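Because the structure is predicted, anything quoted here is derived from the model rather than measured.
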Amino acid sequence: MGSNVSKKSHATLRYTSMRVSIFLGCLLVALLLGHFGVIPVSGEAGVVFLFLLAAVASAPLSYVLLSRQRDEMSAEISGKVDGIRSRTASKIAAQNAEEDAADDAARAAAAKTSATGPAASAPQN
């Protein structure tokens with residue numbers, strides 16, 4: 001169980017590094033194709049074209065090849081969000097209970113004061 005927890009604890013980092021690796025692989029292939037003249041490259045615009053080509057090629061590859069890592073990352077993120085959401089809900093419930101207790105105490109004090117009446121607190125002549 002410990003290895004399963006540690007495996008999923010860095011799912012976002014693992015997915016991101018694999019995604020960058022796929023992009024860099026596609027970029028290397030595009031640069032090699034440009035270097036050997038398979039793809040015509042001229043100047044700075046040609047290098048930008050090779051970067052764009054690598055990005056366009058790596059997107060569907062990442063989508064297909066990294067579906068399992070993407071699902072793990074999604075589960076990790078949603079678990080963290082659910083934990084934050086439940087902690088926030090319990091904090092709000094505790095604050096509401098404190099406010100309700102303070103309000104009940106204030107109402108009880110006001111009811112006690114009104115039960116004794118204003119005549120009891122007024123000086124008699």
Side-chain angles (χ1 to χ4, degrees):
M1 183 172 157
S3 66
N4 195 17
V5 171
S6 65
K7 183 179 178 182
K8 289 191 176 185
S9 65
H10 299 291
T12 304
L13 179 62
R14 190 177 330 98
Y15 173 77
T16 303
S17 63
M18 292 176 84
R19 178 92 192 248
V20 168
S21 297
I22 289 174
F23 170 75
L24 290 176
C26 289
L27 180 61
L28 178 65
V29 168
L31 288 173
L32 287 173
L33 290 174
H35 177 71
F36 290 113
V38 176
I39 299 174
V41 179
S42 60
E44 196 173 300
V47 175
V48 171
F49 172 74
L50 292 178
F51 272 89
L52 291 174
L53 181 65
V56 168
S58 69
L61 287 173
S62 296
Y63 183 76
V64 172
L65 297 174
L66 301 179
S67 64
R68 184 177 53 112
Q69 288 80 9
R70 192 172 44 255
D71 292 341
E72 289 176 3
M73 181 181 66
S74 175
E76 178 183 320
I77 291 171
S78 66
K80 288 180 181 180
V81 168
D82 288 342
I84 291 170
R85 193 175 285 153
S86 67
R87 284 192 302 272
T88 302
S90 64
K91 285 180 184 178
I92 290 172
Q95 289 173 347
N96 286 343
E98 288 177 15
E99 289 176 5
D100 290 345
D103 189 42
D104 291 343
R107 288 179 191 217
K112 185 177 180 183
T113 304
S114 67
T116 57
S121 62
Q124 295 186 1
N125 291 344

Is [Y] reachable from [X] through a run of I, L, V, M, F, W or Y residues, each pair having side-chain heavy atoms under 4.5 Å apart?
X: L61; Y: L31; answer: no
X: L65; Y: Y15; answer: yes
X: V29; Y: L66; answer: no
X: V20; Y: L27; answer: yes
X: F36; Y: L50; answer: no

- Query: Side chains of L53 and I39: does their closest heavy-atom pair fall under 4.5 Å?
  - Reply: yes
- Distance col, row R19:CZ vs S58:OG, nearest 0.5 angstrom, shows 6.0 Å
- Query: About how many Å separate CE of M73 and OG of S78, when rounded to the nearest 0.5 Å?
  - Reply: 11.0 Å
- Message: Other members of the hydrophobic cluster containing L52, with the 4.5 Å side-chain heavy-atom rule, please.
- Response: V48
- So, R70 side chain and Y63 main chain: donor-acceptor pair closer than 3.5 Å or not? yes
- So, E76 side chain and A11 main chain: donor-acceptor pair closer than 3.5 Å or not? yes
- Under the side chain to side chain contact (heavy atoms under 4.5 Å, CB included) test, residues paired with R87 that sit two or more places apart: I84
- Crowding at CZ, F51 (>12 non-hydrogen neighbours, <6.0 Å): no
- Query: Between G34 and V41, which heavy-atom pair has the shortest distance, and what is it?
  - Reply: CA-CG2, 3.7 Å
